[in-house]
Structures are given as C-alpha cells and as structure tokens.
Number of protein chains: 2
Amino acid sequence: MTASKGEPAGGEAAADDTRPDTRTGGGGEDVPVDTVAAVVGQWRAVHPGLDTGPMEIIGRINRCAALLQQAEDAPLRRAGLSRAEFDLLGALRRTGRELTPSELARETFSSGAAVTKRLKQLTERALVDRRGDDRDRRVAHVRLTDAGRDLVDAVLPDQLAYERAVLSGVDQGAQDGLAGLLGELLVRLEGRPGAVRF
Amino acid sequence: MTASKGEPAGGEAAADDTRPDTRTGGGGEDVPVDTVAAVVGQWRAVHPGLDTGPMEIIGRINRCAALLQQAEDAPLRRAGLSRAEFDLLGALRRTGRELTPSELARETFSSGAAVTKRLKQLTERALVDRRGDDRDRRVAHVRLTDAGRDLVDAVLPDQLAYERAVLSGVDQGAQDGLAGLLGELLVRLEGRPGAVRF
DNA sequence: AGCAGGTGTTTTACTCGTAAATATTTTGCC
DNA sequence: GGCAAAATATTTACGAGTAAAACACCTGCT
C-alpha cells in the first residue's frame, strides 16, 4: 500500500489464535497453515455454501504483497527514500533517458498530482533535474542528477539482496513456478489479448 | 493504501511502449510479456551484472495486488464501503463474536488509531455497536448490528463473484498451483517455523 | 493503602495520495 | 486567423493512515 504503509490486507485477514496454526494432514503429520487459510476457514464455517476459491489466491497475493512491501521498505528508508520516490527515480534510471511528468506517472502507476509533488521534493534534494521542452512549452523533461543516479545504483543491489533473502526459504523450483504463474495471471489482469498466434 | 488507493506499484513498474509487448519464442510464435517482465528487461539492459530473479516474483506480486485491489474496490464502492471498512466488518462477521479494538487491529493488520477512526464512522452509520467491558473499563467490545451483518452478507457474494470473474481467464490447474505456492511463500513470510514433523 | 509500571484506547500532528478545479499551451477545424 | 477542444502540469481541498503522546484504567508490589 501506499506504499510506505504497513498494512493493506485483503478482504480477508488474520487468524484468531496466536500460535502457529497447523492442520493435521492425511498422514498424521502437521502441515503449517497460513493466515489466509485460517481466515478462509472462518468464512466457510459461517457461510458453508460459499465458493471461497478466489480468496485462496487473491487473499494470499494481497497478504504477500503487504508483507513484502513492509520488508522492502527497510533498505529504502535507510537511504532516506520512500518506495514511491524510489519508483520514480528507478523509472528514470532504467529507461536511461529523460521522462516527462506524464510519462513518469504512467511508469509508476500513479496520478499526475502525486508525481508533481514528488518531483518537487526530489528536485529540492537535487536528485532530479528539470528543463522545459522548447517545442511544447507545456511539457517538462525530468532527468536524474549524478547524485540521483548514484543513489539508485547504490540502493538497488541492497534492495535485490534483501529480496533474495526474503525468498531464500522457498526452493528454486517453487520460485520459478511462482514467477511463471504470476506472469500468466498478470498478463490476464493487464487486459492483454492472449498470445498472438499465427 | 488505504487499501482504496489505486496504485502501489512495486519497485519496478510499467513498460515503455504502449502496444501489447511480445517476445518471439523459440518456435517463432509470439509470447505475451507482462509489464514486470518488460521492466526487468530494462534493468538488465542498464545493469547487466544484476541478478534480477527476485523482481520477477516480488514485482509481479505487487503489481497483481495493485490491479486486483483496484478491481475489487468496485463492488465495495457500490455498497458504500472502503476496503478497510469491509475488512473490519468482515473480521466481525467471520469470527462470529464481539471483538475489542485491539483484536480488530490484529485481525485487519492495521494500527489501533486507524481502527478507532473507522469504528467511529461505522458506529455513526449504525453498522457496528459498542459496549464497555464491566470487568475492565479500558476495553470496549464491538459487534455488528443487524444492518452491518446484512450488509456484509450482501456484499460478500458479489465480491467473490467479482473475484471469480477476474480469475476466469486462468485455468484451474494454474489457479491451484498459484494458491499452493503462494501459501508456501506466505508461511515463510509470516515467520512460522517450517512444517512440524515428528 | 499507595504508587510504579503496564495495557487498551483515543487524540494530536503530520504525511501523502487523490479528485477536481485551474492555468497554460497546443491542435484541429471552420 | 480564430476559436473550441484536447493535452500537460500544477494547485487546492480533503480524506485516511501513521507514529507518538496522552489518557484512562488495571495489576502487582511493598
């Protein structure tokens, strides 16, 4: 959420008791149950007829996103940046060229007003620079200063190392599977037509 | 975000061009590429040495979460509720009992202050009710009013139907795979010990 | 009893994002 | 050329969340 918030939960939230939830599997061994599974269980107890399938996916995506974002904010904060600010700087860095405020809004999935405000602060901190277009005097061109570029380049490896650490408990096969399936879902959500066949 | 924000993107964001991104696969057919893949590609072009593996998962989770939350807000808005408000009411509904403000904060993963504010509004709208504990006069007990309960029960099926529609483009096998892998990741993120074997 | 320290809840001050309104400039059309 | 409509960016007013302080009450110790 925002993004420096520590909280957006899905329509479904935490389990009731505070001890590690487990469910006894078919073979008698204890299988750990995540909070979403516990919540879904509560719903099914209250509304036995409900098809709770979608919750198992969407609830988990939302919960994972909330936890991951919270974790990721730590290395950013150390560098004095919010996630939104890093997103903006990162967009400039990875495209490798100047971007206009509208392009930045598109790249970072935020509103124009939000970009205006962030640019103001980042300009004051001398992390970005702006110049007007001379063809079209409505538009501005924003680019990273050297300090801005260096900051992104310093933070990014930390960020990735942190992410790697967070994922380290999940084996490589599962990681590849997740990346693939999430990509498939994302293509759908982004409203693209399916693969173009010919 | 409140949760009702339409935007938190990951540390990685949108692709540059506006047409459906495709990448030519081994057999000559076009494979659709999601925005996260495009962003990761940009990073790798700028920083060839970087291990961008974690982005492929975390970036996609964040992006999926943002899109899903935006989509889900529609049926909620129709009922005059924000996602955060629905989470609170939902916690009361699925536990089937009164909860204190602290319990609500835990259940909905939000701060106590946020819960206080939401309770104030929901009480004014007569969706919840509060009474003081007589043993411990610090604590309050919050419960759904009949109107609150009816509202949740009316909204939830809509919500689930909407979710089902959003996921309808993804085949059942992929959905099951996603739910399982996300559950595995979530168990790790929630800091539980692994499965308890004996 | 009386007080130190802890817990549950609310209040305060502030940040940040949004939507809607505004200013400015360009573009298309007659 | 001149004006209506669109595009770009910013400003304004406001809503919602947070962290930290304040408040109210309980618990246990002496």
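Naming convention: chains lettered A, B, ... in sequence-line order (proteins, then strands); numbering from 1 in each chain. Hydrogens, waters and symmetry mates play no part in the numbers below; they use all other heavy atoms, side chains included.
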Candidate nucleotides [options], ranked by approach to the side chain of [X] - the nearest:
X        : options                : value
A:Arg138 : D:dC26, C:dA20, C:dT25 : C:dT25
A:Arg130 : D:dT18, D:dC25, D:dT10 : D:dT10
A:Ser111 : D:dC26, C:dT18, D:dT10 : C:dT18

Please report the distance, rounded to the nearest Å, between [atom1] in [X] and [atom2] in [N].
X        : N      : atom1 : atom2 : answer
A:Asp134 : D:dT8  : CG    : C1'   : 16 Å
B:Glu103 : C:dT7  : CD    : C1'   : 14 Å
B:Arg131 : C:dG8  : CZ    : P     : 17 Å
A:Asp73  : D:dT18 : CG    : C1'   : 13 Å
B:Asp133 : C:dT7  : CG    : P     : 17 Å
B:Lys120 : D:dG15 : NZ    : P     : 12 Å
A:Gln69  : D:dG17 : CD    : P     : 16 Å
B:Arg135 : C:dG8  : CZ    : P     : 17 Å

So B:Lys117 and B:Gln121, do their side chains get closer than 4.5 Å, heavy atoms only?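 No, too far: nothing below the 4.5 Å cut-off.
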Identify, with sequence neighbours excluded, every residue that meets side chain to side chain contact (heavy atoms under 4.5 Å, CB included) alongside B:Asp158. B:Arg78
For the base of C:dT18, is there a side-chain donor-acceptor partner from A:Lys117 under 3.5 Å away?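 By the distance-only test, yes, there is a pair.
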Can a side-chain donor-acceptor contact be found between B:Asp176 and B:Gln172 if the only test is distance below 3.5 angstrom?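 B:Gln172 vs B:Asp176: donor-acceptor pair found between side chains.
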Between A:Thr35 and B:Glu190, a side-chain donor and acceptor under 3.5 Å: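 Short answer, yes.
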For A:Arg188, is there an ion pair with A:Glu184 - N to carboxylate O distance below 4.0 angstrom?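 No, no charged N to carboxylate O under 4.0 Å.
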Taking for each residue the nucleotide of DNA chain C with the nearest heavy atom, is it A:Ala114 or B:Asp136 whose nucleotide lies nearer the 5' end? B:Asp136
Counting only side-chain nitrogens and oxygens, does B:Arg118 get under 4.0 Å of the OP1 or OP2 atom of D:dG17?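 For B:Arg118, the contact criterion (side-chain N or O under 4.0 Å from OP1 or OP2 of D:dG17) is met.
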Applying a 4.0 Å non-hydrogen cut-off, can you work out what B:Gln121 is touching in the nucleic acid: base, sugar-phosphate, or nothing?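 Sugar-phosphate only.
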